[in-house]
Amino acid sequence: MIKTATRTIAFIGLFLGILGNAQEKTKFPGISGILQQIIPNDRIDSWVLVYNSYGKNQELKTSGGKKEYTPQFSGFNLFPSEDSFYYIAYSAGGKMNYITDLEGLKKFVGKIDNAEEAAIALTADGYMVDGEFKDIAGNYHQDSSNYYLDLGKLTSKECPYQKTHYTLTVNKSTGVVSHVKDNGTYIELYNKKCPNNPRLLKIEKKEEPKDDPKKTPKRR
């Protein structure tokens, strides 16, 4: 009887351990690392991922052999940035093509092959891997059927500027988002220019000046 109980407890412990490992979250790499995990599903002869920062191009990944391409002056970014962007130059059917926006990137990715591609596809809907807050808006875990992505989203550009984090369930077979959980705001910023800023707003009460009895002129 004791042996049976011991075995039962050991089995439960093992099961909980496996379940715990299955729920362990993995932080996404940086944006360039995410983009380098792309596996195009269309027939692509070759492609190159280019990072442009302050007008300088850097090739991050080349697949299928390098071919001549025209440098681009605009592109996409998975995280808002004013000084840098990415673009993809690819050859298909003997013709060079360019990916410079998020919708084009989503089509280039095609079928979801990994968690990084799932995150890329969701950027077209405004979600992002927040590299500054990966614990709450830049990680994922998975099981046999789904990816579970914790991502951020800019939910207000007005005052207060804020970001909200979500957990999105993405089906591995179809790439369809079956559930979106709103986890609440994780950044809320105010600045002095906000007319409705309750944190910095100073209410000045103008009081009517009162006569100082010491300064009241004496009657003669």
Side-chain angles (χ1 to χ4, degrees), residues 24-132 134 137-154 166 168-178:
E24 185 177 352
K25 294 184 178 182
T26 301
K27 291 182 180 179
F28 282 107
I31 300 303
S32 62
I34 293 173
L35 291 170
Q36 290 182 58
Q37 298 304 312
I38 293 175
I39 304 173
N41 295 113
D42 290 335
R43 293 183 179 180
I44 306 297
D45 300 326
S46 66
W47 65 281
V48 56
L49 171 65
V50 184
Y51 174 62
N52 182 293
S53 178
Y54 293 99
K56 295 183 179 180
N57 287 320
Q58 178 185 0
E59 295 181 356
L60 301 179
K61 180 177 181 177
T62 300
S63 178
K66 186 176 180 180
K67 293 189 177 183
E68 295 295 326
Y69 62 90
T70 303
Q72 301 297 295
F73 297 99
S74 63
F76 57 84
N77 208 319
L78 304 189
F79 189 83
S81 175
E82 296 179 357
D83 303 319
S84 63
F85 59 86
Y86 298 84
Y87 65 89
I88 292 174
Y90 70 94
S91 174
K95 180 183 178 181
M96 290 301 300
N97 302 273
Y98 299 92
I99 306 295
T100 59
D101 57 38
L102 293 176
E103 281 296 338
L105 179 63
K106 184 177 180 179
K107 293 178 181 178
F108 183 76
V109 167
K111 180 182 177 296
I112 302 300
D113 298 298
N114 49 51
E116 287 81 5
E117 286 193 344
I120 291 170
L122 287 168
T123 59
D125 297 322
Y127 296 97
M128 62 184 173
V129 173
D130 196 334
E132 298 177 341
K134 287 186 178 181
N139 61 75
Y140 70 94
H141 66 277
Q142 59 182 308
D143 56 26
S144 59
S145 302
N146 302 301
Y147 297 110
Y148 305 91
L149 285 70
D150 290 334
L151 303 177
K153 193 172 189 178
L154 184 61
Y166 299 86
L168 298 103
T169 303
V170 182
N171 185 276
K172 286 184 174 181
S173 299
T174 64
V176 174
V177 177
S178 60

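For the numbers below, each heavy atom of this structure counts, side chains included, while hydrogens, waters and symmetry mates do not.
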Visitor: Has the side chain of Asn114 got a donor or acceptor atom that lies under 3.5 Å from a matching backbone atom of Glu116?
Guide: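 Side chain of Asn114 to backbone of Glu116, a donor-acceptor pair under 3.5 Å: yes, one is there.
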
Visitor: Among residues at least two apart in sequence or on other chains, which ones pass side-chain hydrogen bond (donor to acceptor under 3.5 Å, both in side chains) with Asp130?
Guide: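 Testing Asp130 for side-chain hydrogen bond (donor to acceptor under 3.5 Å, both in side chains), a comparison that skips the adjacent residues, returns Lys163, Tyr186.
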
Visitor: If a pair satisfies salt bridge (charged side-chain N to carboxylate O under 4.0 Å, His left out) and one of its residues is in residues 47-63, list it, with sequence neighbours excluded.
Guide: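 Sorted pair list: Glu59-Lys66.
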
Visitor: How long is the gap from CG on Asn139 to CG on Asp150, to the nearest 0.5 Å?
Guide: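 Between atom CG of Asn139 and atom CG of Asp150 there are 4.5 Å.
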
Visitor: Any idea which heavy atoms bring Ala118 and Val170 closest together, and the distance?
Guide: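 Closest approach of Ala118 to Val170, heavy atoms only: CB-CG1, 4.4 Å.
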
Visitor: To the nearest 0.5 angstrom, please state how far the CZ atom of Phe76 sits from the CG atom of Asp101.
Guide: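 Atom-to-atom, Phe76:CZ and Asp101:CG are 9.0 Å apart.
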
Visitor: Can you tell me how far the CG atom of Leu78 sits from the CD1 atom of Ile31, to the nearest 0.5 Å?
Guide: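 Going from CG on Leu78 over to CD1 on Ile31, the span is 4.5 Å.
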
Visitor: To the nearest 0.5 Å, what is the distance between NZ on Lys25 and OH on Tyr140?
Guide: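 Lys25 atom NZ to Tyr140 atom OH measures 13.0 Å (nearest 0.5 Å).
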
Visitor: Can you name the side-chain contact (heavy atoms from CB on, under 4.5 Å) partners of Ser145, sequence neighbours left out?
Guide: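 Once residues adjacent in sequence are excluded, the partners of Ser145 under the side-chain contact (heavy atoms from CB on, under 4.5 Å) criterion are Asp143.
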
Visitor: Testing Asn97, Val50, Leu49, Thr100 one by one against Ile88 for a side chain to side chain contact (heavy atoms under 4.5 Å, CB included), which residue passes?
Guide: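 For Ile88, the side chain to side chain contact (heavy atoms under 4.5 Å, CB included) check succeeds only for Leu49.
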
Visitor: Please identify each residue that fulfils side-chain hydrogen bond (donor to acceptor under 3.5 Å, both in side chains) with Lys106, with sequence neighbours left out.
Guide: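 So Lys106 forms no side-chain hydrogen bond (donor to acceptor under 3.5 Å, both in side chains) with any residue.
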
Visitor: Does anything in residues 29-55 pair up under ring pair (Phe, Tyr, Trp, His ring centres under 6.0 Å), and if so which pairs, sequence neighbours excluded?
Guide: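 The answer is Trp47-Phe108, Tyr51-Tyr86.
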
Visitor: How close do Lys153 and Tyr166 get, heavy atom to heavy atom, and via which atoms?
Guide: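 Where Lys153 meets Tyr166 most closely, the heavy atoms are CB-CE1, 3.7 Å.
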
Visitor: Over all heavy atoms of both residues, which pair between Glu103 and Ala124 is shortest? Give the atoms and the distance, please.
Guide: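 Residues Glu103 and Ala124, closest heavy atoms: OE2-CB, 3.8 Å.
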
Visitor: Check the surroundings of atom NZ in Lys107: do more than 12 heavy atoms from other residues, nucleotides or ligands lie under 6.0 Å from it?
Guide: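 No, not enclosed.
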
Visitor: State the OG-CD1 distance between Ser173 and Ile112, to the nearest 0.5 angstrom.
Guide: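 Interatomic distance, Ser173 OG to Ile112 CD1, rounded to 0.5 Å: 12.0 Å.
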
Visitor: Using the test side-chain hydrogen bond (donor to acceptor under 3.5 Å, both in side chains), find all partners of Lys27 that sit at least two apart in sequence or belong to another chain.
Guide: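 Expected list: Asp135.
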
Visitor: For a quick test of reading the model, state the closest non-hydrogen atom pair linking Pro71 to Asn57 and the distance between them.
Guide: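 Heavy-atom minimum between the residues: CB-ND2, 3.6 Å.
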
Visitor: Mind listing the closest non-hydrogen atom pair of Gly152 and Ala137 along with its distance?
Guide: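 Result for this residue pair: N-CB, 3.6 Å.
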
Visitor: Per the salt bridge (charged side-chain N to carboxylate O under 4.0 Å, His left out) rule, what does the pair list look like for residues 68-80, sequence neighbours excluded?
Guide: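 Salt bridge (charged side-chain N to carboxylate O under 4.0 Å, His left out) check on residues 68-80 returns no pairs.
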
Visitor: Could you grab the distance from atom OG1 of Thr123 to atom CG of Leu102, nearest 0.5 Å is fine?
Guide: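 Answer rounded to 0.5 Å: 4.5 Å.
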
Visitor: Please find the pair of heavy atoms, one from Gly33 and one from Pro29, that lie closest to each other, and give the distance.
Guide: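 That would be C-CG, 3.9 Å.
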
Visitor: Mind checking ring-ring contact (aromatic ring centres under 6.0 Å, His included) for Tyr87 and listing every partner two or more places apart, or none if nothing turns up?
Guide: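 In terms of ring-ring contact (aromatic ring centres under 6.0 Å, His included), with neighbours along the sequence ignored, Tyr87 is linked to no residue.
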
Visitor: Kindly write out the residues that satisfy side-chain contact (heavy atoms from CB on, under 4.5 Å) with Ala89, not counting sequence neighbours, or none if the list is empty.
Guide: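 Here the qualifying residues are Val48, Tyr69, Met96, Tyr98.
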
Visitor: With a 4.5 Å heavy-atom cut-off, do Phe28 and Leu151 have their side chains touching?
Guide: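 Heavy-atom side-chain distance check passes, below 4.5 Å.
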
Visitor: Please identify each residue that fulfils side-chain hydrogen bond (donor to acceptor under 3.5 Å, both in side chains) with Thr174, with sequence neighbours left out.
Guide: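 Thr174 satisfies side-chain hydrogen bond (donor to acceptor under 3.5 Å, both in side chains) with Asn171 only.
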
Visitor: Could you tabulate the donor-acceptor pairs under 3.5 Å formed by side-chain atoms of residues 34-46, not counting sequence neighbours?
Guide:
{"residue": "Gln36", "atom": "NE2", "partner": "Ser32", "partner atom": "O", "Å": "3.3"}
{"residue": "Asn41", "atom": "OD1", "partner": "Lys111", "partner atom": "N", "Å": "2.7"}
{"residue": "Asp45", "atom": "OD2", "partner": "Gly93", "partner atom": "N", "Å": "3.2"}

Visitor: Of all residues at least two apart in sequence or in a different chain, which pass the ring-ring contact (aromatic ring centres under 6.0 Å, His included) check with Tyr147?
Guide: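 Not a single residue meets the ring-ring contact (aromatic ring centres under 6.0 Å, His included) criterion with Tyr147.
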
